[in-house]
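Have a look at the structure below, then the notes.
Computed from a prediction, not measured in an experiment: that's the story for all the values here. Numbering of residues begins at 1 and proceeds along the displayed sequence.
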Amino acid sequence: MNFDRVWNFSAGPGVLAEEVLLRAQKEMMNYNGTGMSVMEMSHRSGAYQEIFAHTKSQFRKLMHVPDEYEILFLQGGATTQFAMVPLNFLKENRGADYAVTGNFAGAAFREAGKYGTMHCAYDGTKDGFTHIPSQSELVLDPSASYFHYCANNTIFGTEWNYIPDTGDVPLICDMSSDITSRVVDISRYGLIYAGAQKNMAPAGVTVVIIRKDLAGHQRADTPVMLNYDTMIKKDSMYNTPPCWCIYMLGLTLDWLEECGGVEAMEQKKHAKAMLLYDALENSTLFKLHADKESRSDMNVTFRTGDEELDRKFIAEAADAGFVNLKGHRLSGGMRASIYNAMPEEGVMCLRDFIEEFDRINK
Ligand code: PMP
């Protein structure tokens, strides 16, 4: 580790691989002999077109995206997808199913409600978003335009460990906080979207994987920037794309490939998470937020039950070089986000700190 840097457990924008940052630094002033930074390049230039094509093909290869799917690099964050999905996918006089398992899943549900009558297929509000529903707990409408869920609930620290079966109803998934951390059978989905700022790149680009035949059925009043069909036809360049973020995504994907791809990440992520879960479970002071079978490998949420002690933990952790461990204001307590770029060493050091804090303060 570079000792000028801290162990950053931020939920997002989150830690990026040091190798990626160093390469960006090296290429900052003069990208590949062009005499300029990628930030200064026209998105129509040959040099940039190559960067764009490379990023896209790396994403297709590493995420095993079948040919029937288009990969888009859009702006507006995952939040814009909350509106874009219903605008493009709602069938006339029909609603859609939403599993509300956390804050962002709820926000997506409410945003879609502006365009039609949405149906809540599961409501986790009653149990404080500690639980991911099993297939049998989902109340599905077979006539729904689509089924929407959020694969990993960043704030509450829960993650789906299966792909729901919705029959012929297209599956739409917000994978903002666990994309590229595991192998995904893309062919099960109609559309997947993810803001990049957790596992992939700086904030500013949203990756969309869309089954091409599902595009082109948008409402007539859909703004041009929110129309998947336009973005497919223009290869995400109807207007200026988030050039720098796409370049950074490409660097991260190169790094991911060197690490062994999403297959390697999937193995590592569970082992990393278990280091923390085991320490927390075996502690006297700490309690975990999520049900055991619903726990996220990306965001580990925990608390002592005493706000004063939580504050002490967060402050002492920061002094020891572990930063951004404060939980989201909606859930309180602590949250350690351990995305792909967080090395196992960082998680082991945090585990040791947790054990030591428990020993001293119990
Ligand atoms: N979905 C999930 C799962 C998230 O974690 C977030 C952001 N933290 C969002 C959606 C919203 O993303 P954005 O800020 O990119 O709009």
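- Within the structure, the ring pair (Phe, Tyr, Trp, His ring centres under 6.0 Å) test picks out the following pairs touching residues 230-259 (sequence neighbours left out): Y31-Y247, W244-Y247.
- Between F52 and M237 the shortest side-chain heavy-atom distance falls below 4.5 Å.
- Residues E159 and R295 are not in side-chain contact: their nearest non-hydrogen atoms beyond the backbone lie 4.5 Å or more apart.
- Relative orientation of the F104 and F82 rings is tilted, given thresholds of 30° and 60° on the angle between their planes.
- In summary, the side chains of N299 and N152 do present a donor paired with an acceptor at a separation below 3.5 Å, with no hydrogens or angles considered.
- Under a cut-off of 6.0 angstrom, the local environment of NZ in K126 is crowded, with over 12 non-hydrogen atoms contributed by other residues, nucleotides or ligands.
- A donor atom on one side chain and an acceptor atom on the other are not found under 3.5 Å apart for Q49 and H54.
- Using modelled atom types, one finds a donor on one side chain and an acceptor on the other under 3.5 Å when comparing S176 with D174.
- For the residue pair N340 / T180, a side-chain donor-acceptor distance below 3.5 Å is found, with atom types taken as modelled.
- Residues satisfying the ring-ring contact (aromatic ring centres under 6.0 Å, His included) test with F353, not counting sequence neighbours, are F313, F322.
- Defined by atom type and a distance below 3.5 Å, a donor-acceptor pair is present between the side-chain atoms of D291 and H131.
- For the side chain to side chain donor-acceptor pair (under 3.5 Å) test, no residue two or more places apart in sequence or in another chain qualifies with R188.
- Counted within 6.0 Å of CD on E92, heavy atoms from surrounding residues, nucleotides or ligands total 12 or fewer; the atom is thus considered open.
- Of the N and O atoms on the side chains of D185 and S187, at least one donor lies less than 3.5 Å from an acceptor on the other residue.
- Y115 is linked by a ring-ring contact (aromatic ring centres under 6.0 Å, His included) to nothing, counting only residues two or more places apart in sequence or in another chain.
- Listed for the R335 side chain is a donor-acceptor partner under 3.5 Å among the backbone atoms of T154.
- There is a side-chain donor-acceptor pair under 3.5 Å between Q58 and D254.
- Note on ring orientation: taking the six-membered ring where Trp is involved, the planes of F286 and F357 are tilted (angle from 30° to 60°).
- Apart from M298 itself, the hydrophobic cluster it occupies contains Y339, where clustering links Ile, Leu, Val, Met, Phe, Trp and Tyr at side-chain heavy-atom distances under 4.5 Å.
- No more than 12 heavy atoms of other residues, nucleotides or ligands shown are found within 6.0 angstrom of CD on E307.
- In this structure, the side chains of L191 and L214 stay at 4.5 Å or more apart for every pair of heavy atoms.
- For K326, the NZ atom is loosely surrounded, since the number of other residues' heavy atoms within 6.0 Å does not exceed 12.
- Between the side chains of S294 and T158, no donor-acceptor pair of N or O atoms lies under 3.5 Å.
- Applying the side chain to side chain donor-acceptor pair (under 3.5 Å) test to D213 and every residue at least two apart in sequence or in another chain returns R211.
- Note on ring orientation: taking the six-membered ring where Trp is involved, the planes of W160 and F147 are perpendicular (angle over 60°, cut-offs 30° and 60°).
- Counting heavy atoms from C-beta on, the side chains of V207 and I192 never come closer than 4.5 Å.
- Under 3.5 Å, the side chains of S134 and E137 contain a donor-acceptor pair of N or O atoms.
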